[in-house]
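Here the structure is a predicted model, which means the values were calculated and not measured. These values consider heavy atoms only, across backbone and side chains, with no hydrogens, waters or symmetry-generated copies. One-based numbering, in listed order, for ligands and for the atoms of each.
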Amino acid sequence: MSARIIDGKTISADLRGKVTDAVHRLRRDRGIVPGLAVVLVGNNPASRVYVRNKSKAVTEAGLRSFDQHMPEDVSEAELLDLIARLNADAQVNGILIQLPLPPQINADKIIAAIDPDKDVDGFHPLNAGRLASGLPGLVPCTPLGCVRLAKTVHASLAGLEAVVIGRSNIVGKPVAQLLLAENATVTIAHSKTLDLPAVCARADLLVAALGRPEMVLGAWIKPGATVIDVGINRIAGEHGRPRIVGDVAHAEARGIAGAITPVPGGVGPMTIACLLLNTLIAACMQNGLPAPKI
Ligand code: NDP
């Protein structure tokens with residue numbers, strides 16, 4: 001039997017529509033227009049595409065976009081100065097620094113300089129701590145998107161055996177924290193995990209965020225499991241044309257899983273939708289309003 005495809009494009013379009021409606025109400029009823037500043041440093045082609053897509057989505061949702069483009073050779077002091085200005089600007093409710101940053105910049109220092117209430121990427125150590133402590137705060141967009149996708153399959157994640165492959169601060173760890181908050185029984189696997197296939201085989205819900213093209217094989221997956229494939233890997237396809245694949249061998253996994261996200265068209269579009277949601281939540285928080293229930 002072929003798995004149900006968890007269609008990230010449709011699910012994210014629905015979320016974006018809801019955010020757009022909430023932004024419209026906020027503007028109509030309170031005169032507040034949430035604003036997002038995306039900071040791009042240098043000319044990394046992939047980063048430029050991501051930033052362009054984010055800006056388009058921001059404008060379409062009725063948010064204000066305050067994009068900032070700094071040269072590749074910008075100094076750390078100049079970038080810190082820009083962040084201080086964005087922190088102080090009341091029209092800017094969210095700040096996102098497009099990663100990676102060039103080698104002369106300490107990314108940890110830059111992230112820590114963002115006002116935690118404007119940290120729509122949820123990477124600031126205070127927000128990471130809030131998530132780990134079960135306190136309200138801004139949550140990283142990709143992990144939030146993963147959990148929202150899983151919840152389109154399972155009304156409740158409580159009691160599910162969840163395995164997250166990957167323990168990065170931007171995907172693996174926050175996904176695991178969110179799943180724990182949903183009362184799943186969570187295992188985090190990583191490059192030192194012994195017998196990864198056996199660990200994966202326990203999972204009712206498998207989240208693959210390891211950055212290894214198609215490494216998770218169909219035979220590792222528990223029949224009927226839900227698989228969320230976070231990976232975005234560019235490999236050489238037919239006639240040398242690049243092809244994007246996930247961390248899961250999708251074609252074979254599809255014959256065994258109960259539900260699975262495609263790559264592209266799964267987690268990726270949810271990340272942008274969750275960024276819009278986070279900017280809306282940040283604007284509400286900064287204006288003393290409750291976060292919208294979307
Ligand atoms: P990182 O490289 O920061 O982390 C990868 C994690 O996977 C590490 O914890 C590493 O373990 C683990 N890992 C690597 N190799 C293996 C292995 N052979 N077996 C088991 N575990 C392994 O990557 P990110 O977390 O930033 O991203 C993961 C993937 O998600 C990438 O493909 C990335 O492109 C994609 N991504 C997609 C997004 C989206 O919007 N869809 C957004 C962000 C990322 P260890 O800690 O031991 O080194």
Show the numbers, then the answer: is there a side-chain contact (heavy atoms from CB on, under 4.5 Å) between L63 and L36?
CA-CA 7 Å; L63 305 163; L36 174 68; 5.5 Å; no
Going by atom types alone, do N43 and R48 pair a side-chain donor with an acceptor below 3.5 Å?
yes
What residues form a side-chain contact (heavy atoms from CB on, under 4.5 Å) with T20, not counting sequence neighbours?
A61
Which of the numbered atoms in ligand 1 are under 4.0 angstrom from any heavy atom belonging to L196?
19 (N), 20 (C)
If I apply the N/O under 3.5 Å rule, does I232 come out as touching ligand 1?
yes
Heavy atom to atom 29 (C) of ligand 1, shortest distance: which of G266, P264, G211, G268 holds it?
G211
If you take the nearest heavy atom of each of P213, C141, S168, which one is closest to atom 3 (O) of ligand 1?
S168
So is there a nitrogen or oxygen of K192 less than 3.5 Å from a nitrogen or oxygen in ligand 1?
no
Only heavy atoms of V171, strictly under 4.0 Å: list the atoms of ligand 1 that pass.
25 (O), 43 (C), 44 (C)
In ligand 1, which numbered atoms sit nearer than 4.0 Å to a non-hydrogen atom of M215?
17 (C), 18 (N), 19 (N)
I170 neighbourhood, listing ligand 1 atoms whose heavy-atom distance to it stays under 4.0 Å:
26 (O)
Take I272 and S12 through the test side-chain contact (heavy atoms from CB on, under 4.5 Å) and record every step on the way to the result.
CA-CA 8 Å; I272 291 188; S12 65; over 6 Å; no
For G172, is the nearest heavy atom under 4.0 Å from an atom of ligand 1?
no
Checking E161 against K222 for the salt bridge (charged side-chain N to carboxylate O under 4.0 Å, His left out) test, could you report, in this order, the C-alpha distance in whole Å, the side-chain angles of both residues, the deciding distance, and whether it holds?
CA-CA 11 Å; E161 281 279 352; K222 180 175 175 177; over 6 Å; no
Show the atoms of ligand 1 that are less than 4.0 angstrom away from any heavy atom in T271.
39 (C), 40 (O)
So, the side chain of S168 versus the backbone of V171: is there a donor-acceptor pair under 3.5 Å, distance only?
yes
